Trainee: 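What follows is a single structure, and I will ask about it in a moment.
Quick note: residue numbers are just sequence positions, from 1. Note that these values count all heavy atoms, side chains included, but never hydrogens, waters or copies made by symmetry. Note that the structure is predicted; figures quoted are calculated from it, not measured.
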Amino acid sequence: MSENNLPGVPTSQPISYDEPTTPTDPPKPKPDQAGPANVSATGADYGAAPTTNAQQGRRLTSAVGVPLRNTDHSLTAGPRGPILLQDQHFREKISHFDHERIPERVVHARGAAAHGVFEANGAAEKITRAAFLKKGVQTDTFVRFSTVLGSRGSADTARDTRGFATKFYTTDGNYDLVGNNIPVFFIQDAIKFPDIIHAGKPHPDREIPQAQSAHDTFWDFVSLHTEGQHHTIWNMSDRGIPRSLRTMEGFGIHTFRLVNDAGETTLVKFHWKPKLGVHSTTWEEAQIAGGTDPDFHRRDLADAIEAGAYPQWDFGVQTFPDTEDQMFEGIDLLDPTKMVPEELAPVQIIGTMTLNRNPINYFAETEQVMFNPANLVPGIDVTYDPLLQGRLFSYQDTQLTRLGGPNFQQIPINRPHAPVNDMLRDGFHQAGVHGGVAAYHPNSLDGNNPLPTPPEEGSYIEVPQRFEAVTDRKKAATFDDHFSQAGLFYRSLTPVEQEHVISAYTFELSKCWDETIRKRQLQALANIDATLCSEVATGLGLDAPSPTEPVEDTATSPALSQVGGEWPVDGRQVGIVVDGSSDFSAVSSMRSALLGAGVVPLVVAPTAGKIGDGVVANRTWANASSVEFDAVILTTAAAPAPDARTARDAKAGQNAGPGVDPRIDKLLGEAWRHAKAIAALPDAESTLTAAGVDAGAPGVIVGAAGDLGTGVLAALAKHRAWERFPASV
């Protein structure tokens, strides 16, 4: 193999730094590629080259060959008005995209879900007439968490955006809030959603890399479509690799319009605030978990609920005056790539959700559940956010293929908990047995049943909107700022978190085959923050470019950082390392203290089964992994166990200190690097030293058995001993 033939090149032609503007022929296959033979369904040879089945021509066309002038902007009534139904290109592009996969979801394929209940506190009654938001009302919910890019079989811990979709089974019908764990999105207009997903998905020739953005097509797209830079920097931060689904924030992303009983309107952004705080894994932890437990997040959620550590989120809103320009403090509220810092508009809590039941059947519930932003209830309306406008069509459309016809709302998990009396009939998988003969309105044969509901009796009312505009494919000038909020996000992080962002960009861009794409993305980083750009450029061995746009470097939003504060420890897991020399009465006392605080203690012993004095091993030294523990307590010097043999256990190949079992040495070393709490009895302090753990460092507790549990609980409340992470920025 020669250097010119190394595998991994993404395309057969050179890549330009600037967006190409000269028409060219479609790319030819690479030398190692060949398409299927050009034969009929019955095997007749057409005698044509396989490439005749590929795309033809130099210009963009519709599916029937109509030349198209623009594929970045929907046809709207004015630059900030609604998308028009006559936009055939939008409907064709989105509809075709919605039906690209059968039966797996095109995006958000890998998910985990749980049932719960939401209780409103009444704080929203002044701004909305939504019945489920009135004080004391309890509403059943079903929440599905998911990764965006990976297939159903991918790992939970990939660096990715997480979906946070909630179905409220209200007395006025189902309300779906379909959001993410990041408050902004990659694109401003839904017509580009197929493009960003095609770019983020595995390359179509090899179907790799799976469930990650560290490849050429993704960075090619976001470096050309710089509106994606704000979302991308969130993904490159610790937010892209959550510690748990239970420690993720959720965001409705878009600006919605609430309507109260008096008909007054308020613009809002929705937030889910986890009671446990917002926490993430380190990059190394994510890699370890992906190998030792690809189901890390879904297992954590199900185990917590099964153990009674029910995860909770406060539901809140940021509110804004419903002004004609729909701007707030210079921020365009219709731009889904922009957020409003909480310091400018505090989040007001309007209720709390508790997830308290696991599904019985994954397929019937988690896989078949459908969400649709168009499922609205009286008191909640949409805005002309161009991404939201497209989603109102797309989610409904995609179910027709994925769930086999128009009756997907009748699947048990999707059924509303309110009476349904529609005039929709027949179709695939019709489960209703409708009576009467008159499925139309008005009618006299069925007594004019069903009658529409008058507004005064609670029917859904779209807020009347007046507009006068010229149809065109362009956006308002307020959508043009692609960098300032990305810079705000980066500056708001602590030095430790900034180090993680730098490392993530460096890793991801180093995975791009072509240097042109790396340079183009560095230019975007230069427009975000000079230090960020310089550090990433150093890691890539490239020169840092100068910014092409003014870089703002003053404003910050402390609410964006995950560091600082203390949080409940419910459902956290602590590994208690024992062997035959441990004081099992002390171990039992520690377990009781941790259980009493809502923490899950897991005994890690040389072998499985009963260890001594009624203590039973939950993990063994061979099968335990550091990533499943939020803290480690060492009750023994951990002398090598009889099975510490490299030939039988790869972890036993760890170079341990003298007299220490290599598996425990590895466990402690990883916990130390990941800045987790580590506690040990005095007799085990030498084992800490052998593993490279500084007994005097923050988050390390050495003392009597009665003190270890208290010290660990205090350290757990901070999630990590952040001081142990080195930082140079």
Side-chain angles (χ1 to χ4, degrees), residues 108 111-125 128-146 163-179 245-246 248 250 252 256 258 270-276 298 301-302 304-317 349-380 395 399 403 407-422 431-432 458 460 570-571:
H108 298 277
H115 297 270
V117 62
F118 172 80
E119 182 169 352
N121 63 16
E125 290 186 21
T128 180
R129 64 189 185 100
F132 80 100
L133 291 176
K134 296 189 181 299
K135 186 174 182 178
V137 173
Q138 294 188 348
T139 303
D140 288 339
T141 61
F142 189 75
V143 180
R144 187 177 187 272
F145 304 99
S146 55
F164 193 128
T166 307
K167 186 179 292 293
F168 296 85
Y169 301 96
T170 85
T171 55
D172 287 326
N174 288 354
Y175 168 54
D176 293 347
L177 180 58
V178 193
L245 301 175
R246 300 178 291 128
M248 290 194 324
F256 292 85
L258 299 188
F270 291 115
H271 294 249
W272 290 110
K273 297 285 189 181
K275 292 277 195 179
L276 297 177
R298 59 170 66 183
L301 177 67
I305 293 174
E306 185 176 6
Y310 300 141
Q312 292 185 310
W313 286 262
D314 285 330
F315 188 41
V317 290
I349 304 304
I350 61 176
T352 300
M353 179 174 66
T354 304
L355 298 185
N356 54 16
R357 289 175 293 144
N358 286 312
I360 294 174
N361 183 278
Y362 183 90
F363 176 79
E365 298 169 85
T366 306
E367 187 62 19
Q368 289 197 120
V369 68
M370 62 78 61
F371 296 91
N372 184 358
N375 285 348
L376 302 165
V377 294
I380 303 177
Y395 281 68
Q399 311 304 331
L403 295 177
N407 292 306
F408 47 80
Q409 302 281 19
Q410 297 182 16
I411 295 172
I413 192 63
N414 297 323
R415 292 173 182 170
H417 295 184
V420 175
N421 193 2
D422 56 38
Y460 187 86
D570 304 45

Trainee: Compare every heavy atom of Ile413 with every heavy atom of Gln368, then report the nearest pair and how far apart it is.
Mentor: C-CG2, 3.9 Å

Trainee: If the plane angle is over 60° it's perpendicular, under 30° parallel, otherwise tilted; pick one for Phe145 and Phe164.
Mentor: perpendicular

Trainee: Do the side chains of Tyr395 and Asp176 get nearer than 4.5 Å, heavy atoms only?
Mentor: no

Trainee: How long is the span from the CG atom in Leu403 to the CD atom in Gln410, to the nearest 0.5 Å?
Mentor: 12.0 Å

Trainee: Please check this pair: side chain of Asn414 against backbone of Phe408, looking for a donor-acceptor N/O pair closer than 3.5 Å.
Mentor: yes

Trainee: Between the main-chain N or O of Met248 and the side-chain N or O of Trp313, is there a donor-acceptor pair closer than 3.5 Å?
Mentor: yes

Trainee: With sequence neighbours left out, write down each residue that passes side-chain contact (heavy atoms from CB on, under 4.5 Å) with Ala307, or none if nothing qualifies.
Mentor: none

Trainee: Sequence neighbours left out, what passes side-chain contact (heavy atoms from CB on, under 4.5 Å) with Asp422? Give chain and number order.
Mentor: Val420, Leu424, Arg425, His434

Trainee: Kindly give the heavy-atom pair with the smallest separation between Val377 and Tyr175, and that separation in Å.
Mentor: CG1-CB, 3.8 Å

Trainee: Among residues at least two apart in sequence or on other chains, which ones pass salt bridge (Lys or Arg N to Asp or Glu O under 4.0 Å) with Arg246?
Mentor: Asp300

Trainee: Does anything in residues 130-139 form a side-chain hydrogen bond (donor to acceptor under 3.5 Å, both in side chains)? List the pairs, not counting sequence neighbours.
Mentor: Glu119-Gln138

Trainee: Which pair of non-hydrogen atoms, one from Asn358 and one from Ala302, has the smallest distance, and what is that distance?
Mentor: ND2-O, 3.1 Å

Trainee: By side-chain contact (heavy atoms from CB on, under 4.5 Å), which residues pair with Asp314, not counting sequence neighbours?
Mentor: Lys273, Lys275, Ile349, Thr352

Trainee: Not counting sequence neighbours, which residues clear side-chain contact (heavy atoms from CB on, under 4.5 Å) with Arg298? List them please.
Mentor: Arg110, Ala112, Asp156, Asp295, Tyr362

Trainee: Check Val137, Leu133, Asp140 against Phe118 for a side chain to side chain contact (heavy atoms under 4.5 Å, CB included) and give me the one that passes.
Mentor: Leu133

Trainee: If only atom types and distance count, is the side chain of Tyr169 paired as donor or acceptor with the main-chain N or O of Ala418 below 3.5 Å?
Mentor: no

Trainee: Just to verify, what does Phe256 make a ring-ring contact (aromatic ring centres under 6.0 Å, His included) with, not counting sequence neighbours?
Mentor: Phe270

Trainee: Residues in ring-ring contact (aromatic ring centres under 6.0 Å, His included) with His115, at least two apart?
Mentor: Phe142

Trainee: If you take all heavy atoms of Pro359 and Ala114, which pair is closest and at what distance?
Mentor: CD-CA, 4.2 Å

Trainee: List the residues meeting side chain to side chain donor-acceptor pair (under 3.5 Å) with Gln312, not counting sequence neighbours, and say none if there are none.
Mentor: Thr354

Trainee: Applying side chain to side chain donor-acceptor pair (under 3.5 Å), name anything that partners Asn356, two or more places apart in sequence or on another chain.
Mentor: none

Trainee: Only counting residues at least two apart or in another chain, list the ones meeting side chain to side chain donor-acceptor pair (under 3.5 Å) with Asn372.
Mentor: Gln396

Trainee: Please round to the nearest 0.5 Å and tell me the distance separating atom OH of Tyr310 and atom CZ of Arg357.
Mentor: 10.0 Å

Trainee: Once you round to the nearest 0.5 Å, how far does NE2 of His417 lie from OG1 of Thr171?
Mentor: 12.0 Å

Trainee: Does Phe371 offer a backbone N or O that forms a donor-acceptor pair with the side chain of Arg144 under 3.5 Å?
Mentor: no

Trainee: Residues two or more places apart in sequence or in another chain: which of them pass side chain to side chain donor-acceptor pair (under 3.5 Å) with Thr141?
Mentor: none

